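Presented below is the structure to which this report refers.
Worth saying up front: this structure is predicted, and the values here are computed from it rather than measured.
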Amino acid sequence: MLDTHGNNDRNNEFRMHSLMNKIAHNANRLWPEEDLGRIPYWIYTDQQIFDKEMERIFCGPGWAYVGLAVELPEPGAYLTTFIGNQSVVICRNRDGELRGFVNRCAHRGVKLCRQKIGKTNRFTCPYHQWAYDLNGDLKGVPFVAGVNGNGGMPDDFSLADHGLERLQVIEHNGVIFASFHVDAPDFASYLGDSNLYYFERVFDGRELRLLGHSRQLIQGNWKLMFENIKDPYHASLLHVFLVTFGLFRADQEAQVKMDGTGRHGLLISRKGAQQATEATKDIANLRVDFKLKDPQLLDPVKEFKDTATVVMQTLWPNLIIQQQSNTIAMRQIQPRNPSSFILDWTFFGYADDDDAMITRRLRQANLMSASGLVSCDDSEVIKLAQDGIAGAMHEYALLEMGGRDSEDTEHMVTETAIRGFYKHYREVMDL
Ligand SMILES: [Fe+2]
């Protein structure tokens with residue numbers, strides 16, 4: 001029906017135009033194969049895909065890692081971090097209970113809290129000084145009743161209606177997770193049995209000791225980071241340091257495990273000796289005669305209940321739990337846009353570590369983070385992957401090492417966990 005100005009006609013025309021655009025866009029965005037052996041490159045570059053990921057994956061019914069309980073030791077302590085590309089605040093209220101909310105003033109959307117970590121009893125917006133308490137409730141609006149009878153908010157304005165957007169927050173054995181979703185599942189069933197087992201292998205209820213933070217900007221799509229950790233095939237080739245000193249090699253006893261959905265994954269391996277074998281013959285630049293000038297850099301001691309020396313756990317949607325020898329860390333993935341993400345590292349040990357163990361953990365941490373002897377290889381190759389796929393809108397990656405499905409395996413010569421990740425990704429993203 002037309003209104004007197006013909007606006008409905010124009011609106012309908014506009015709607016039809018956007019719908020046609022959407023259909024045309026989606027037609028170019030079909031996953032090429034029914035099996036899991038291909039990944040189209042547009043998932044790493046397309047802004048619309050990125051926006052949909054932020055909504056469905058990071059605001060969906062899951063638990064995103066946001067910090068360690070030891071970082072918030074007392075009432076009033078807070079930290080700011082990201083879930084997807086949204087800044088969030090996690091704090092302890094006056095009763096010591098964990099609270100979480102979006103770091104965005106309910107007035108005009110301004111980022112409220114700019115510090116990474118701190119202690120406060122109020123969050124006050126820098127723009128118009130709207131003030132919120134540690135539960136995210138709005139407590140004060142300057143000039144709410146006007147000045148000298150002028151202005152002010154309408155009579156029906158109520159502070160109670162304009163608190164910060166709340167998150168669900170849980171803590172499991174010292175690790176804090178948050179969710180945008182009111183119906184997030186309980187944590188144990190979210191992880192599944194094998195992932196919960198390995199999570200509690202590191203987080204067994206002992207008090208943690210924070211050892212340090214490190215952050216890096218990586219010029220690649222955030223999913224490439226998950227792929228990297230779910231990819232033991234590369235680890236025995238790219239990381240000559242690991243292979244040279246026997247920390248990770250394709251012939252070692254190993255498992256790749258996933259949860260029932262494929263979204264979470266585990267690479268589990270056991271250290272071997274420094275030697276050339278069948279597994280190293282394809283590594284062009286391997287030098288088995290290399291020796292460390294300071295062998296203390298690698299002096300791992302057994303500390304966990306099983307014989308695994310490396311367990312890399314990937315938890316949907318934003319966490320890597322790294323245990324390589326005695327260096328333990330959280331790596332949190334913070335997507336910024338389709339072609340870059342922040343990798344936020346938190347190194348830790350346990351409160352009852354002695355001085356020798358703290359030193360050992362810190363020394364072994366030299367393998368990791370932006371300039372790490374091992375992980376700098378990954379950040380560089382992720383950027384090369386992003387560079388290589390630029391403009392390749394109709395091409396796709398080949399993902400057939402170890403088969404075309406996503407079964408758990410007892411070896412490392414496989415890309416099965418990446419296929420598991422994309423099996424779940426396609427369901428969530430409806431692709
Ligand atoms: Fe790697």
Roughly how far, to the nearest 0.5 Å, is OG of S194 from CG of L266? 5.5 Å
Would H239 and T244 count as a side-chain contact (heavy atoms from CB on, under 4.5 Å) if you check the C-alpha gap in whole Å, the side-chain angles of each, and the deciding distance to 0.1 Å? CA-CA 9 Å; H239 300 308; T244 300; over 6 Å; no
Any sub-3.5 Å donor-acceptor pair from S340's side-chain atoms to R336's backbone N or O? no
Any side-chain donor near an acceptor of the partner, E253 and H411, under 3.5 Å: no
Is the Y41 to H394 ring centre distance short of 6.0 Å? no
I'd like to know if the side chain of T80 and the backbone of Q115 have a donor-acceptor N/O pair within less than 3.5 Å. yes
What are the two closest heavy atoms between I39 and E227, and how far apart are they? CD1-OE2, 4.0 Å
Quick one: does NZ or CZ of R201 land under 6.0 Å from the six-membered ring centre of F304, within 45 degrees of the ring axis? yes
Counting distance only, does the side-chain N/O of N103 pair as donor-acceptor with the main-chain N or O of C113 below 3.5 Å? yes
Please say whether more than 12 non-hydrogen atoms of neighbouring residues, nucleotides or ligands are located less than 6.0 Å from CG in D355. no
Look at atom CD of E55 and say whether more than 12 heavy atoms of other residues, nucleotides or ligands are closer to it than 6.0 Å. no
Value for OG1 (T45) from CD1 (I389), rounded to nearest 0.5 Å, stands at 6.5 Å
Charged N-O contact under 4.0 Å between E303 and R361: yes
When every non-hydrogen atom of A178 is compared with those of V66, the smallest separation belongs to CB-CG1, 3.9 Å
On the six-membered ring of Y396, is R38 placed so that its NZ or CZ lies under 6.0 angstrom from the centre and within 45° of the ring axis? no
M412 and Q255 have their tightest heavy-atom pair at CE-O, 4.0 Å
Decide yes or no for F421 and R263: does some side-chain heavy atom of the first lie under 4.5 Å from some side-chain heavy atom of the second? no
Between L399 and R419 the two heavy atoms that sit nearest each other are O-NH1, 2.8 Å
Identified side chain to side chain donor-acceptor pair (under 3.5 Å) partner of N135 from the options R94, R99, E97: R99
Between OG1 of T416 and CG of D231, what distance do you get to the nearest 0.5 Å? 11.5 Å
Inspect the surroundings of NZ in K119 and state if more than 12 heavy atoms from other residues, nucleotides or ligands are less than 6.0 Å away. no
Aromatic ring centroids of W316 and H264 under 6.0 Å? no
Please test S379 against Q216 for side-chain contact (heavy atoms from CB on, under 4.5 Å), starting from the C-alpha separation and ending with a verdict. CA-CA 9 Å; S379 11; Q216 64 184 122; 3.4 Å; yes
Answer with yes or no after comparing the ring centroid distance for W222 and F58 against a 6.0 Å cut-off, counting only values under it. yes
Do E415 and K230 meet the salt-bridge criterion of a basic N to acidic O distance under 4.0 Å? no
In terms of side-chain geometry, is the basic nitrogen of R360 or D299 positioned less than 4.0 Å from the acidic oxygen of its partner? yes
Test applied, ring pair (Phe, Tyr, Trp, His ring centres under 6.0 Å); reference residue, F101; option that passes from F123, F180, Y78: F123
Does R122 pair with D133 as a salt bridge, N-O distance under 4.0 Å? no
Taking S369 for its side chain and A365 for its backbone only, find out whether a donor-acceptor pair lies under 3.5 Å. no
To the closest 0.5 Å, what do you measure between CD1 (I333) and OH (Y65)? 12.5 Å
With rounding to the nearest 0.5 Å, note down the distance linking CG in N195 to CD1 in I321. 8.5 Å
Closest contact, heavy atoms only, P317 versus I57: CB-CG2, 3.6 Å
Atom OH of residue position Y127 - does it have more than 12 heavy atoms of other residues, nucleotides or ligands inside 6.0 Å? no
Could you check, using the six-membered ring where one of them is a Trp, whether H107 and H162 have ring centers closer than 6.0 angstrom? no
Verify whether the ring centers belonging to F187 and F177 lie closer than 6.0 Å. yes
Can a donor-acceptor pair be found, under 3.5 Å and without considering hydrogens, that links the side chain of Q323 to the backbone of T309? yes
Side-chain donor or acceptor of D137 paired with backbone N/O of G163 under 3.5 Å: no
Does the side-chain contact (heavy atoms from CB on, under 4.5 Å) test come out yes or no for L30 and L431, once each step is laid out? CA-CA 7 Å; L30 289 175; L431 287 168; over 6 Å; no
Please check: side-chain N/O of Q386 versus main-chain N/O of N221, any donor-acceptor pairing under 3.5 Å? yes
Does the ring pair (Phe, Tyr, Trp, His ring centres under 6.0 Å) test come out yes or no for W42 and Y44, once each step is laid out? CA-CA 5 Å; W42 45 258; Y44 305 108; 9.4 Å; no
H234 vs D378, side-chain hydrogen bond (donor to acceptor under 3.5 Å, both in side chains): CA-CA, chis, key distance, verdict: CA-CA 9 Å; H234 94 278; D378 293 320; 3.1 Å; yes
So, the side chain of E71 versus the backbone of L68: is there a donor-acceptor pair under 3.5 Å, distance only? yes
Got a salt bridge between D204 and K305, using NZ or NE/NH1/NH2 to carboxylate O under 4.0 Å? no
side-chain hydrogen bond (donor to acceptor under 3.5 Å, both in side chains) between D186 and S189, worked out: CA-CA 6 Å; D186 76 87; S189 50; 2.6 Å; yes
Tell me whether the count of non-hydrogen atoms from other residues, nucleotides or ligands lying under 6.0 Å of CG in N337 goes above 12. yes
CA sep, side-chain torsions, deciding dist, call: I342, F82, side-chain contact (heavy atoms from CB on, under 4.5 Å): CA-CA 10 Å; I342 300 275; F82 284 84; over 6 Å; no
Charged N-O contact under 4.0 Å between R209 and E207: no
Whether R215 side chain and D344 backbone form a donor-acceptor pair below 3.5 Å: no
For A370 and S214, work out which heavy atoms get closest and say how close. N-OG, 4.5 Å
When rounded to the nearest 0.5 Å, the distance separating OG1 of T327 from CZ of F348 is 9.0 Å
Got a donor-acceptor contact below 3.5 angstrom from the Y132 side chain to the A106 backbone? yes
